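Here's the structure, in structure tokens; my notes come after.
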Protein chains: 2
Amino acid sequence: MKFQNNPRDPETALYTALWHACAGPLPTLPGAGQLVFYFPQGHLQQVEASSNQVIDPPRFNLPSNILCRVIHVQLRADPDTDELLAQLTLLPQPIQAQNGAEMELPTPPSPEFRLLSFSKTLTPSDTSIHGGFSVPKRHAHQCFPPLDMSMQNPKQELVAKDLHGNEWRFQHVLKGQPRRHLLIGGWRDFVVSKRLVVGDAFVFLRGENEELRVGVRRAMRPNGNATSSESSSDPPDVLANAWEAYTRTTLFTIYYKPRRCPTDFIVPFDRFMESVNMNYSIGMRFESKEALELEQKFTGSIVGIEDSDPIRWMDSKWRCLKVKWDQNETSTAHLPERVSPWQIEPDYM
Amino acid sequence: MKFQNNPRDPETALYTALWHACAGPLPTLPGAGQLVFYFPQGHLQQVEASSNQVIDPPRFNLPSNILCRVIHVQLRADPDTDELLAQLTLLPQPIQAQNGAEMELPTPPSPEFRLLSFSKTLTPSDTSIHGGFSVPKRHAHQCFPPLDMSMQNPKQELVAKDLHGNEWRFQHVLKGQPRRHLLIGGWRDFVVSKRLVVGDAFVFLRGENEELRVGVRRAMRPNGNATSSESSSDPPDVLANAWEAYTRTTLFTIYYKPRRCPTDFIVPFDRFMESVNMNYSIGMRFESKEALELEQKFTGSIVGIEDSDPIRWMDSKWRCLKVKWDQNETSTAHLPERVSPWQIEPDYM
DNA sequence: TTGTTGGCTAATGGCCGACAA
DNA sequence: TTGTCGGCCATTAGCCAACAA
């Protein structure tokens, strides 16, 4: 299950689809072959955040961004915690080639698979020890194999695999007054094993050949409170790898945990160039792009343009914009004070 | 709980003691200030084993061993799985200084703490849902606070912290016919939370001030079968760090999971020098040193002396000995075919 | 349509001493 | 001395439909 090779293989396609469904709509992950900019500054900050260490890195002369080609992407999930992990292998690109978007490799055609899926955020009733899981009607009709409606209490067993290939069995019944679809008998095991709590989401996929998959998308913890596992995959001296790779034009590897901290230190070439061409100025109004990894769009205005770390990373675009968010019915307290140009777009309203 | 600063602090001393008790008697871990040899080859092999990837590393010109000073040691435990992790920060030593053992820093005097401890491997009864935990009599007498024997059914509540500072409560009772010490009421929670199974060991410590600690030493899985969490802390291109640190004499960091794979790529200076001075030859009989991380000693004889990877790591002492183990009442099938000189000592029997 | 609740029953959690290795 | 077992409660897991939002 660990290596995804041929994307045309239905098994692999299902795995990838499930991984992305569990990761949520938020993170944009480049594919193998794509050109991206790597921001060591952002990478370091992620490592610091996840390891709670302040790192005074050696004085590498890394530029603030490095054009790289994505050589390989490996999507994984921790067998214990189901935490998602993307491993990106990057190859720095020669400087002189840095201004040709035409060198973009053709994205391998992603074959179309018939794929049905839904996800539902768990309610207190769903997670409570008391009952089962209530399946919204349209989801049951769209994604579940059809029930034998000739029975007066239709039921069937659903057998689905998770990202690790483990099998989970659920009784799918249609009963109650009024009628509703329920997952019982096995649901509890799933909740306990996956340690689901209110706010986490249940993810369900049905691929071709009636293959069923289940997964979990955990609630975003407001701001990385200490539940986070310590096993950060990146060592504190992570920049040494980048430096080595940069100077010798060799491969290096970075990790990305989509449900952990917002990552924007890998930026697709096109998106970056777009943001470079955008003329942002103080006072400009904007709205957040999906790269900010928010569930909804927010608007605000730019209040400053300056290096976020002028000493170590001069002239870096990374989080170079100080912003003020508009007040909103939902709280904007969790929104960052600094964003990168590629995380926003001008608000033409 | 994450940073251990002053080893004289009783809190810290208890933490360290508990960590080592959970790690088991097997691994030797150097302390801060010590000189060690670092074997990139062994490091790489551990990474390969734990990530199930074969890595074709860039062609660094790393020597097969690098003298380093241990700058910092940080002992941690994963909050989810309790997996132990030692993070070693190493500083490569200048070449010209490589032949002076006198440069060994004085090991900081490890203050003596009164410390009582025991561990017990769990039986089926201990882990079964049916009952509690049976405490061997001498351990209860040695390590538990004394019971009030005037009661005809003496009992007390033990409150103990684990490596993360979480509190666990147990009812310690003396009852049954014949009398025995039992841990009930709370024991089950502990077993479930820590996911203990038969063969795992319960670790108990009592420090000064009657401070109690509990921990877990998991059974060694025969040969890294796939239960292992994927989140290896070392990225595949881990050698880039070492190379960078080696050429520029800067710090680098390695990780060591004592319950995962046998590590011998960090070897204390003295032990290595000893093994260099040992004249081993084909046919020589030996017995295993504790560095082989075995529960007991085994004997065998040397059948070959050769580079284990003559192409990439010429003249490396790492696992340069091919050995044949003596037959034994216990199986020798799990013993490695290759060992390093510092893992064995001549058998003078 | 779907979240929550109280009720009911079956299952199991969990403590006990007997017994035996 | 200590591991395992059968017995025996008390607790809870888990399904159900009523009800309400």
Side-chain angles (χ1 to χ4, degrees), chain A residues 118-144 147 151-157 168-193 195-202 204, chain B residues 118-144 147 151-157 168-193 195-202 204:
Chain A
F118 76 90
S119 72
K120 181 199 165 189
T121 302
L122 302 185
T123 67
S125 296
D126 291 329
T127 56
S128 115
I129 200 65
H130 210 52
F133 172 78
S134 176
V135 188
K137 188 180 183 182
R138 69 178 179 290
H139 291 152
H141 287 146
Q142 282 176 1
C143 303
F144 285 175
L147 286 165
M151 296 189 272
Q152 91 279 34
N153 264 357
K155 65 168 65 176
Q156 65 180 331
E157 183 174 53
W168 299 92
R169 287 161 188 277
F170 306 94
Q171 292 296 329
H172 167 213
V173 298
L174 176 59
K175 64 164 62 166
Q177 205 47 254
R179 282 293 185 87
R180 86 228 10 225
H181 291 270
L182 295 169
L183 250 34
I184 55 177
W187 170 251
R188 189 61 36 207
D189 285 348
F190 187 77
V191 170
V192 171
S193 298
R195 286 170 239 153
L196 298 182
V197 296
V198 177
D200 293 345
F202 175 65
F204 186 91
Chain B
F118 76 90
S119 73
K120 180 198 166 189
T121 302
L122 302 184
T123 66
S125 296
D126 290 330
T127 57
S128 115
I129 201 64
H130 211 51
F133 172 77
S134 176
V135 188
K137 186 180 185 183
R138 69 176 179 292
H139 290 153
H141 287 146
Q142 281 175 3
C143 302
F144 285 174
L147 286 165
M151 297 188 269
Q152 92 279 34
N153 264 356
K155 67 168 63 177
Q156 65 179 335
E157 184 174 52
W168 298 92
R169 288 162 187 277
F170 306 95
Q171 293 295 331
H172 167 214
V173 298
L174 177 58
K175 63 165 61 168
Q177 203 50 251
R179 284 293 185 86
R180 93 243 349 240
H181 290 270
L182 294 170
L183 249 38
I184 56 177
W187 171 250
R188 187 62 36 207
D189 285 347
F190 188 76
V191 170
V192 171
S193 298
R195 287 171 238 152
L196 298 183
V197 296
V198 177
D200 293 343
F202 175 66
F204 186 92

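Below, read A as the first sequence line, B as the second, and so on, with proteins coming before strands; counting in each chain starts at 1. Only this structure's heavy atoms are used, side chains among them; waters, hydrogens and symmetry mates stay out. Just so we're clear, the structure is a prediction, and the values are computed from it rather than from any experiment.
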- Taken to the nearest whole Å, CG/A:Leu182 to C1'/D:dG14 is 12 Å

- Task: May I ask you to check whether A:Phe144 and A:His181 place their ring centres under 6.0 Å from each other?
- Result: no

- Query: Within this structure, what is the CD-to-P distance between B:Gln171 and C:dG13, rounded to whole angstrom?
  - Reply: 20 Å

- Message: Between C:dG3 and A:Arg180, counting only base atoms on the nucleotide and side-chain atoms on the residue, is there a donor-acceptor pair under 3.5 Å?
- Response: yes

- Message: With a cut-off of less than 4.0 Å, is there a side-chain N or O of B:Lys155 near OP1 or OP2 of C:dC15?
- Response: no

- Message: For A:Lys155, give me all partners under salt bridge (Lys or Arg N to Asp or Glu O under 4.0 Å), at least two apart in sequence or on another chain.
- Response: none

- Which whole-number value in Å describes the distance from A:Phe190 CZ to D:dG14 P? 15 Å

- Task: Let me know the distance between CG of A:Leu122 and C1' of C:dT4, rounded to the nearest Å.
- Result: 15 Å

- Task: Go through C:dC15, D:dC19, D:dG3 for me and flag the one nearest to the A:Pro178 side chain.
- Result: D:dC19

- Query: Tell me: CZ of B:Arg188 to P of D:dA10, nearest whole Å?
  - Reply: 20 Å

- Message: Using a 3.5 Å distance criterion without hydrogens, assess whether the side chain of B:Asp200 forms a donor-acceptor pair with backbone atoms of B:Val197.
- Response: yes

- Picking from C:dT4, D:dT4, D:dT1, the nucleotide nearest the side-chain atoms of B:Lys137 would be D:dT1

- Note on the structure: In whole angstroms, the gap separating C1' of C:dC15 from CZ of B:Phe170 amounts to 17 Å

- Of the nucleotides C:dT2, C:dA18, D:dT4, which has the atom closest to the B:Gln177 side chain? C:dA18

- Task: Flag the pair A:Phe170 / A:Phe133 as yes when their ring centroid distance falls below 6.0 Å, and as no otherwise.
- Result: no

- Message: Distance check needed: D:dT2 P versus B:Lys120 NZ, whole Å only.
- Response: 8 Å

- Item | Interface with DNA chain D, restricted to residues 126-134 of chain B and to heavy atoms under 4.0 Å | B:His130, B:Ser134

- Query: OP1, OP2 of C:dG3 versus side-chain N and O of A:Ser125: anything below 4.0 Å?
  - Reply: no

- Task: Identify the heavy atoms of A:Phe204 and A:Cys143 that sit nearest to each other, and give their distance.
- Result: CE2-O, 3.7 Å

- Just to confirm, is there a sub-4.0 Å distance from OP1 or OP2 of D:dT2 to any side-chain nitrogen or oxygen of B:Thr123? no

- Task: Answer whether the closest heavy-atom distance between the side chains of A:Leu183 and A:Phe202 falls below 4.5 Å.
- Result: yes

- Query: Taking all non-hydrogen atoms of both residues, which atom of B:Ser134 and which atom of B:Asp126 are closest, and how far apart?
  - Reply: N-OD1, 3.1 Å

- Item | Protein-nucleotide distance (A:Asn153, atom CG; D:dA17, atom C1'), rounded to Å | 12 Å

